[in-house]
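This report concerns only the one structure given below.
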2 protein chains.
Amino acid sequence: MLRLSKLTDYAVVVLVRLSGMEGVQTSPGIAAATGIPEPTVAKVLKTLAAGDLVCSQRGAKGGYRLNRDLSAIPIADVIAAIDGPIALTACVEGSSTGCESQGLCPMRGRWDPVNDAIHKALSGITLADMQRGLLPAFRVPVHQAALQPAAQ
Amino acid sequence: MLRLSKLTDYAVVVLVRLSGMEGVQTSPGIAAATGIPEPTVAKVLKTLAAGDLVCSQRGAKGGYRLNRDLSAIPIADVIAAIDGPIALTACVEGSSTGCESQGLCPMRGRWDPVNDAIHKALSGITLADMQRGLLPAFRVPVHQAALQPAAQ
DNA sequence: GTTATCCGGACTACCACAGTCCTGATTGGA
DNA sequence: TCCAATCAGGACTGTGGTAGTCCGGATAAC
């Protein structure tokens with residue numbers, strides 16, 4: 001649950017990659033470095049540019065560049081850029097269409113505090129935090145251990 | 001984004017409704033009271049029963065009953081019951097399949113702190129909290145106003 | 001002028017969810 | 001004992017959104 005689009009995941013990877021290099025970088029270059037398909041990288045970068053997280057330079061020798069430091073990019077911004085405003089869908093204050101059973105539904109708009117809590121939580125974590133937590137130990141294939149046949 | 005399934009929304013409504021009555025209540029009864037289609041209510045209740053949030057009584061005069069008070073049900077439990085474990089999908093520690101580009105992806109498992117933050121945020125809000133925020137003003141049929149034929 | 005790159009959009013295939021329905025098991029009452 | 005009401009559990013289908021690709025155009029360096 002709380003489906004986070006795969007593109008957002010890619011976006012984080014791409015942004016981290018951007019931070020590691022000087023000057024602009026091209027989509028194909030990032031694609032090669034990250035293993036993400038080229039068209040998808042391009043799509044992500046375009047979206048990030050629209051969200052003002054990266055800036056682009058067109059033409060030959062063009063490419064993309066980070067707009068701010070990783071430590072100044074809360075994960076909430078990335079999610080908002082890729083997936084749109086952060087809010088649990090359905091029956092949220094913003095959805096002015098209203099649920100069909102508006103008169104009866106007693107919880108109308110009551111998700112707001114929840115949305116708020118999530119938004120706060122996501123605003124408190126920056127990409128730098130995520131990058132910092134990176135440990136080689138994570139490469140251990142945990143699922144193998146979990147798959148040990150208990151019975152038999 | 002952060003898609004929360006509609007069923008979860010229904011679940012909250014249903015649970016709140018359950019809390020307001022004594023004894024057991026039937027699916028049709030709740031459906032009538034909330035305006036949610038009967039089969040859907042039944043589905044939600046079955047799922048909630050599986051998640052141990054409500055208990056059921058079969059047979060004639062059967063129905064559902066809350067297992068604990070609203071104030072003892074964090075919204076996280078409801079979400080977990082309906083949508084499964086709370087975690088942003090893709091590239092999470094649990095996803096033992098691993099991303100295709102495991103060797104390259106530098107963010108492997110780095111979503112965990114984010115998941116944790118979200119989980120904490122959701123665990124801190126109970127259904128009672130959501131219910132408490134309820135204001136009568138919300139009953140105003142906003143959509144009616146929005147539907148006023150501006151042209152002609 | 002040519003080439004490399006980004007820009008913006010359209011387009012398609014796929015998958016998960018929403019919602020419905022059906023068959024069976026259980027229980028209370030006639 | 002039989003019947004009716006209710007939950008249990010699953011199968012099924014339509015819809016919507018996402019992932020991923022591709023194309024024509026604009027821009028800038030060489």
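Residue numbers begin at 1 in each chain, while the letters A, B, ... track the order of the sequences.
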What nucleotide among D:dA26, D:dA4, D:dT18 has an atom nearest to a side-chain atom of A:S5? D:dT18

For A:T126, is there any backbone N or O sitting under 3.5 Å from a side-chain donor or acceptor partner on A:D129? yes

Here the pair of heavy atoms bringing B:P37 nearest to B:A31 is C-CB, 4.3 Å

Measure CD1/A:I79 against P/D:dT18 and give the value in whole Å, please. 14 Å

Quick one: label A:L7 by what it contacts on the DNA or RNA (base, sugar-phosphate, nothing), any heavy atom closer than 4.0 Å. sugar-phosphate

How close do A:I75 and A:L127 get, counting heavy atoms only, and between which atoms? CD1-CD2, 3.9 Å

A:D9 has an atom CG; how far is it from atom P of D:dA19, in whole Å? 10 Å

Between C:dA25, D:dG10, D:dA29, spot the one nearest the side chain of B:K46, thanks. D:dG10

Minimum-distance pair of heavy atoms, taken over all atoms of B:L66 and B:I73: CD2-CD1, 4.3 Å

Interatomic distance where CG belongs to A:L45 and P belongs to C:dT5 [whole Å]: 14 Å

Determine: side-chain N/O of A:Y10 to OP1/OP2 of D:dT18, distance under 4.0 Å, yes or no. no

Rounded off to whole Å, could you give me the CD-to-P distance for the A:Q57 and C:dT5 pair? 12 Å

Return the nearest nucleotide to the side chain of A:A60; candidates are D:dC7, C:dA4, C:dC7. C:dA4

Using only modelled atom types and a 3.5 angstrom limit, is any donor from either the side chain of A:R58 or the base of D:dA28 paired with an acceptor on the other? no

Options C:dG19, C:dC6, D:dC7, nucleotide nearest the side-chain atoms of B:S56: D:dC7

note: A:K6, atom NZ; D:dG20, atom C1'; distance rounded to Å ~ 10 Å

Separation of A:D83 atom CG from D:dT18 atom P, in whole Å? 7 Å

Nearest nucleotide by nearest heavy atom, which residue falls closer to the 5' end of DNA chain D, A:P39 or A:G59? A:P39

Of the candidates D:dA19, C:dT20, C:dC6, the side chain of B:P37 sits closest to C:dT20

Between B:K43 and D:dG10, does any side-chain N or O lie under 4.0 Å from OP1 or OP2? no

For the side chain of B:K61, counting heavy atoms from C-beta on, which of D:dA28, D:dC7, C:dG28 is nearest? C:dG28

Are B:R68 and B:D52 close enough for a salt bridge, meaning some N to O gap below 4.0 Å? no

Atom pair distance, as rounded to whole Å: CD in A:Q25 and C1' in C:dC6: 15 Å

In this structure, how many angstroms lie between the P atom of D:dC7 and the CZ atom of B:R65, rounded? 13 Å

Please state whether the phosphate of D:dC7, meaning OP1 or OP2, lies under 4.0 angstrom from any side-chain nitrogen or oxygen of B:S27. yes

